[in-house]
**Q** 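Here it is, the structure, as structure tokens.
So you know, we letter chains A, B, ... as the sequences are listed, proteins then strands, and number each from 1.
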Amino acid sequence: MEYNFSELEPRWQKYWKEGGVYHVENGGGAKERPHFYVLDMFPYPSGAGLHVGHPLGYIASDIFARYKRLRGYNVLHPMGYDAYGLPAEQYAIQTGQHPAVTTEKNIARYREQLDKIGFSFDWDREVRTCDPKYYKWTQWTFIQLFKHYYDNDANKALPISSLEERFAQRGSEGLHAACTEEMAFTAAEWNGWDESQRAKVLMNYRLAYLADIPVNWCAELGTVLANDEVVGGLSVRGGYPVERKLMRQWSLRITAYAQRLVDGLEQVDWTDSLKEIQRNWIGRSEGAAVWFPLENENGELKNEKSADAAFEIFTTRPDTIFGVTFMVLCPEHELIGQITTPDHKAEVEEYVSWAKNRSERERQAEVKKVSGVFTGAYAVNPLTEEKIPIYVSDYVLAGYGTGAIMAVPAHDSRDFAFARHFGLPIRQVVSLEKDATSDPATWTESMDAKTGYSVNSGFVSGMKVKEAMAAVIDKIEEMGIGHRTVNFRLRDAIFSRQRYWGEPFPVYYKNGIACTIPEECLPLELPEVSEFKPTATGEPPLGHAEKWAWDTKTNSVVNVSNIDNKTVFPLELSTMPGFAGSSGYYLRYMDPRNDKEYFSEQAVDYWQNVDLYVGGAEHGTGHLIYARFWNKFLFDMGMAKKEEPFQKLINQGMIQGRSNFVYRSKRDNNLYISKGLVKDMDEVTPIHVDINIVDNDVLDVEKFREWRPEFKEARFEMEDGKYVCGWEVEKMSKSMYNVQNPDDLVARYGADTLRLYEMFLGPVEQAKPWDTNGIEGVHRFLKKFWKLYQGENTEASKESVKVLHLTIKKITDDIERFSFNTAVSTFMICANQLTDLKCSSREVLEPLVVLVAPFAPHIAEELWHQLGNEGSVCDAEWPKFDPQMLVEDTVKYPVQFNGKMRFMLELPADATQADALEAVKASPESAKWLTGEPRKVIFVPKKIINIVV
RNA sequence: GCUCUGGUGGUGGAAUGGUAGACACGAGGGACUUAAAAUCCCUUGCCCGCAAGGGCGUGUGGGUUCAAGUCCCACCCGGAGUACCA
């Protein structure tokens with residue numbers, strides 16, 4: 001029988017589907033099996049369909065899921081769709097086609113493509129973020145976030161109702177909670193306030209809150225964007241300019257969890273680089289908050305710690321406080337109006353308005369340009385009592401720390417540039433060597449490193465930098481003018497989007513107060529709209545919806561015409577961002593059809609969290625942060641059982657495109673020169689050519705002539721009768737004609753070949769260009785593998801049993817360390833050796849089928865049945881490795897795969913190679929397993945000997 | 001700039017500190033065939049040599065070690081993340 005993949009693959013796919021082979025239950029079944037949860041980052045179903053880069057991670061996780069199952073685990077391996085998103089909406093604006101229709105169509109296409117590759121997903125658990133049954137729980141979680149605040153003493157989220165009780169009894173006294181701004185009020189004040197005033201105060205503490213905040217506004221997309229959706233002042237999607245704008249927006253107080261998000265990284269099994277990406281993004285820095293008193297009109301100190309007498313700065317270098325020669329406020333700083341002296345007023349106001357109107361992009365592009373202005377006011381260094389000028393400059397950011405800094409030009413490069421520009425003094429206070437100083441006037445750059453010793457620094461002079469830091473903070477704390485503190489770079493996540501195609505907020509506005517709709521009324525379904533564009537008045541698309549008001553009497557959605565502000569109120573017009581639906585989907589997979597709860601206690605108790613998560617590192621500062629935050633919140637609520645959602649994480653590398661080029665002669669427009677014949681690249685024009693008409697870099701010239709009209713008359717200068725194309729690694733994209741569609745490869749070689757080849761290409765984690773050149777090799781292997789099984793059952797030779805056991809060992813090791821490319825190689829070696837040995841023994845071949853099953857499930861299933869087995873190979877047992885089988889006369893020695901053995905012998909220090917060989921042969925140990933001469937003995941002085949047998 | 005990665009044949013890539021280049025592609029040669037496809041066998045890091053054999057080789061320069069692609073230090077080059085975060 002021939003290996004007929006196109007016949008057998010669909011047949012087994014049908015068998016798996018109809019037999020529910022991949023259906024998973026929450027529980028170990030009759031005998032209690034261990035559980036394992038393997039998850040892929042679910043895809044956004046784009047109109048372009050899958051290209052070969054997408055399935056890479058899915059194949060890797062599928063191999064692992066199948067492997068775990070064969071090892072006796074109950075494996076949860078679900079798949080779904082991140083179905084809300086901009087492209088479907090943009091398409092809707094252009095064509096009027098409802099995004100739900102587009103999305104549905106794209107999902108069907110994705111599903112069809114995925115099914116052809118033979119994944120072991122349990123499709124009964126599929127989720128879609130745009131499904132009301134699903135987003136009900138996204139909305140529900142939002143309501144919980146709204147109804148909780150973060151208590152820094154309890155170090156967890158607590159119900160907002162307990163905060164209300166607390167305020168009624170004690171006011172804000174003693175409260176340590178995450179908030180937008182610090183507030184101080186008494187119980188009496190609280191009790192005297194009306195509903196609207198209390199609502200305002202509570203909003204200051206809620207984990208989902210509404211506030212006027214500077215946002216990234218993208219006019220082109222007509223929406224605000226989160227920080228991770230903006231790169232270099234441009235939107236990630238579309239690359240449109242983004243400006244800073246103050247808007248009333250929903251935000252998630254993710255900063256409350258900043259410390260726990262940092263700490264949690266210690267517990268998870270992720271790559272160092274991804275952990276580092278997250279640490280950088282969270283940006284924890286330790287330092288000190290210090291109050292600098294202001295000098296008043298009479299030149300006297302206002303030596304008290306209040307907002308009009310002093311201002312607070314944050315520094316990570318308290319040790320350099322003796323080197324402060326000026327202060328800088330950000331242009332948004334509230335103190336500016338108050339302290340600026342009359343003679344500087346005009347200048348300062350002009351600067352501030354210039355700085356505020358500068359677009360984010362301009363600001364970022366001109367980072368190196370120094371700008372700023374003197375306020376005429378002075379602060380006082382609390383340790384030296386020196387008078388220090390106060391400047392305003394936009395190199396100080398409003399959003400970080402307190403928006404004010406102490407400038408130490410000698411030891412901070414930005415302060416250095418500023419001081420040089422304005423001719424301000426530079427004073428050295430840190431030196432690499434004790435007591436040695438140089439003249440800062442001669443420096444070309446500041447000395448920023450946190451090493452060396454303090455100099456010119458009063459009581460800390462002579463101390464090491466680290467000691468000086470501690471000593472200065474101690475002193476400041478003792479003086480009551482500052483304290484040790486930690487700052488984070490992480491900002492709260494802006495949660496509103498002025499879009500249509502997203503989860504509606506379960507929020508209505510009762511006379512301006514944001515209220516959530518009752519939980520039992522969820523989901524609040526996305527309404528129909530006449531248009532997907534913003535309204536004429538600039539409202540988000542939901543402003544077009546007729547039926548978009550909340551009736552508190554009937555608890556239902558009614559027409560906006562009924563709004564009376566007594567019982568019927570307007571609903572929120574923004575929708576939630578893309579990361580809302582993807583932040584908790586892994587929990588929903590545990591119990592996806594539950595309409596009473598997000599997921600049942602029983603389900604989460606069983607699965608706990610994701611054991612293995614596979615996906616791209618590009619989500620490092622987005623989804624992976626938000627999901628961890630979401631999970632920690634649910635953990636605080638007692639719902640999630642593990643604080644970290646994803647125990648182990650593998651980042652599959654990006655698959656880049658490999659473009660092919662033809663070289664058109666500049667002298668003759670119809671002449672194309674084969675790569676090897678091009679002598680001077682300046683004489684030809686490289687032109688992208690569709691990789692689908694190129695095979696192993698050889699152009700199909702006939703197809704090329706037909707490809708596009710301008711190539712119809714093409715003539716070729718061939719080498720050895722072939723036209724060889726050039727190639728380059730680029731992004732995979734339509735415009736480069738280098739997109740490889742997996743369906744074509746499945747049709748040509750079969751799913752098993754595609755699966756093996758994607759793994760064979762290189763380590764899963766590594767970025768690599770797609771290149772079909774080697775696919776024949778793995779296809780040949782499958783044919784050879786197939787052939788092995790076509791003979792009659794015979795008795796197994798010792799040699800073939802040895803090959804089997806070496807293979808079991810190596811494959812098991814390779815899978816455990818996610819080295820799937822070497823695993824595929826191992827199979828090839830194994831098949832070659834068994835072919836040479838003419839092995840056709842069932843004893844060897846049957847376990848081998850099980851080893852191959854995770855990688856090439858279709859062929860494995862077919863051969864499993866050819867060998868006369870019942871049921872699916874998915875339920876077989878992983879073969880046991882027996883080291884005894886590797887040595888003929890069973891001896892316990894460490895045996896390595898390539899036949900290398902290593903052991904130690906005592907030899908004299910001056911022993912030679914020949915002595916070593918003699919010693920090996922004479923050794924009673926080796927006599928048991930060494931038959932004849934060893935092929936090679938590698939000997940080095942001391943006692944280690946490698947023997948190749 | 002800072003942080004993290006990586007640098008091995010013509011190509012993709014193998015190597016718990018222990019034979020560098022497994023495996024595969026490509027290339028060259030051969031067998032089978034009227035021919036082609038398919039299949040199989042041999043060669044294939046570089047240099048010298050008919051050969052046996054020898055020399056050189058993992059970005060560069062140092063170091064640790066009996067032994068370094070692997071560990072340490074410095075530098076060069078690529079990729080990613082971040083970017084006035086005090």
**Q** Return no unless some side-chain N or O of Asn651(A) is found under 4.0 Å from OP1 or OP2 of U5(B).
**A** no
**Q** Nearest whole Å is fine: how far is A86(B) C1' from Asp394(A) CG?
**A** 14 Å
**Q** Contact class for Lys275(A) vs. all strands (heavy atom < 4.0 Å): base, sugar-phosphate, or nothing?
**A**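 No contact at all - Lys275(A) keeps every heavy atom at 4.0 Å or more from the nucleic acid.
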**Q** Tell me whether the side-chain N/O atoms of Arg780(A) come closer than 4.0 Å to OP1 or OP2 in C25(B).
**A**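 So the side chain of Arg780(A) is within the cut-off, an N or O lying under 4.0 Å from OP1 or OP2 of C25(B).
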**Q** Applying the Watson-Crick and G-U wobble criteria at under 3.5 Å, what pairs with G1(B)? Answer none if nothing qualifies.
**A**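 Answer to the pairing question: U82(B), which forms a Watson-Crick or G-U pair with G1(B).
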**Q** Which part of the nucleic acid does Val396(A) contact within heavy-atom distance under 4.0 Å: base, sugar-phosphate only, or nothing?
**A**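 Touches a base.
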**Q** Taking the inter-plane angle between the rings of Phe422(A) and Tyr391(A) on a 0 to 90° scale, is it parallel (under 30°), tilted (30 to 60°) or perpendicular (over 60°)?
**A** tilted
**Q** State whether the side chain of Asn660(A) and the backbone N or O of Gly726(A) hold a donor-acceptor pair below 3.5 Å, judged by distance alone.
**A**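 Here the side-chain-to-backbone pair exists.
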**Q** At under 4.0 Å between heavy atoms, what does Thr621(A) touch on the DNA or RNA strands: base, sugar-phosphate, or nothing?
**A** sugar-phosphate
**Q** Looking at Tyr395(A), I'd like to know whether one of its side-chain N or O atoms comes within less than 4.0 Å of OP1 or OP2 on A86(B).
**A** no
**Q** So what does Ser825(A) touch, heavy atoms closer than 4.0 Å: a base, only the sugar-phosphate, or nothing?
**A** base
**Q** As a test of reading the structure: which of G12(B), A83(B), A27(B) is closest to the side chain of Lys722(A), going by heavy atoms?
**A**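 Selected nucleotide (nearest to the side chain): A27(B).
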**Q** Contact class for Lys450(A) (heavy atom, under 4.0 Å): base, sugar-phosphate, or nothing?
**A** nothing
**Q** Counting just side-chain N and O atoms, does Asn821(A) come under 4.0 Å of either OP1 or OP2 of A14(B)?
**A** yes
**Q** Does Asp752(A) come within less than 4.0 Å of Lys783(A), counting only side-chain N to carboxylate O?
**A**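 Judged by the 4.0 Å cut-off on N to carboxylate O distance, Asp752(A) and Lys783(A) do not form a salt bridge.
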**Q** Identify whether any heavy atom of Ser285(A) sits under 4.0 Å from a base atom; if not, whether one sits that close to sugar-phosphate; answer base, sugar-phosphate or nothing.
**A**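 The residue Ser285(A) makes sugar-phosphate contact but no base contact.
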**Q** Would you classify Pro763(A) as touching base, sugar-phosphate or nothing, given that sugar-phosphate means primed atoms plus P, OP1 and OP2, and contacts are heavy atoms under 4.0 Å?
**A** sugar-phosphate
**Q** When we call it a touch if two heavy atoms are under 4.0 Å apart, what does Asn487(A) touch: a base, just sugar-phosphate, or nothing?
**A** nothing
**Q** Does some side-chain heavy atom of Phe661(A) sit less than 4.5 Å from a side-chain heavy atom of Cys725(A)?
**A** no
**Q** For a quick test of reading the model: is some side-chain N or O of Arg279(A) closer than 4.0 Å to OP1 or OP2 of C2(B)?
**A**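 No, no such contact exists.
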**Q** Indicate yes or no: does Asp697(A) engage Arg658(A) in a salt bridge with an N to O separation below 4.0 Å.
**A** yes
**Q** Ignoring backbone atoms, test whether Gln766(A) places a side-chain nitrogen or oxygen under 4.0 Å from the OP1 or OP2 oxygen of G13(B).
**A** yes
**Q** Indicate, with a heavy-atom threshold strictly under 4.0 Å, whether Leu397(A) touches base, sugar-phosphate, or nothing.
**A**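 Since a base atom lies under 4.0 Å of Leu397(A), the category is base.
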**Q** List for me each residue that meets side-chain hydrogen bond (donor to acceptor under 3.5 Å, both in side chains) alongside Ser6(A), sequence neighbours excluded, and say none if there are none.
**A**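 For Ser6(A), the residues satisfying side-chain hydrogen bond (donor to acceptor under 3.5 Å, both in side chains) (neighbours in sequence not counted) are Asn4(A).
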**Q** Counting only Watson-Crick or G-U wobble pairs whose two distances fall under 3.5 Å, which nucleotide matches A37(B)?
**A** none
**Q** Looking only at side-chain N and O atoms, does Lys768(A) come under 4.0 Å of OP1 or OP2 in G6(B)?
**A**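 Result: no.
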**Q** What nucleic acid atoms does Arg284(A) come within less than 4.0 Å of, heavy atoms only: base, sugar-phosphate, or nothing?
**A**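 Since no nucleic acid heavy atom lies under 4.0 Å of Arg284(A), the category is nothing.
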**Q** Let me know the distance between NZ of Lys784(A) and C1' of A38(B), rounded to the nearest Å.
**A** 14 Å
**Q** Classify the nucleic acid contact of Asp697(A) as base, sugar-phosphate or nothing, counting any heavy atom under 4.0 Å across all strands shown.
**A**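 If one applies the 4.0 Å heavy-atom cut-off, Asp697(A) turns out to touch nothing in the nucleic acid.
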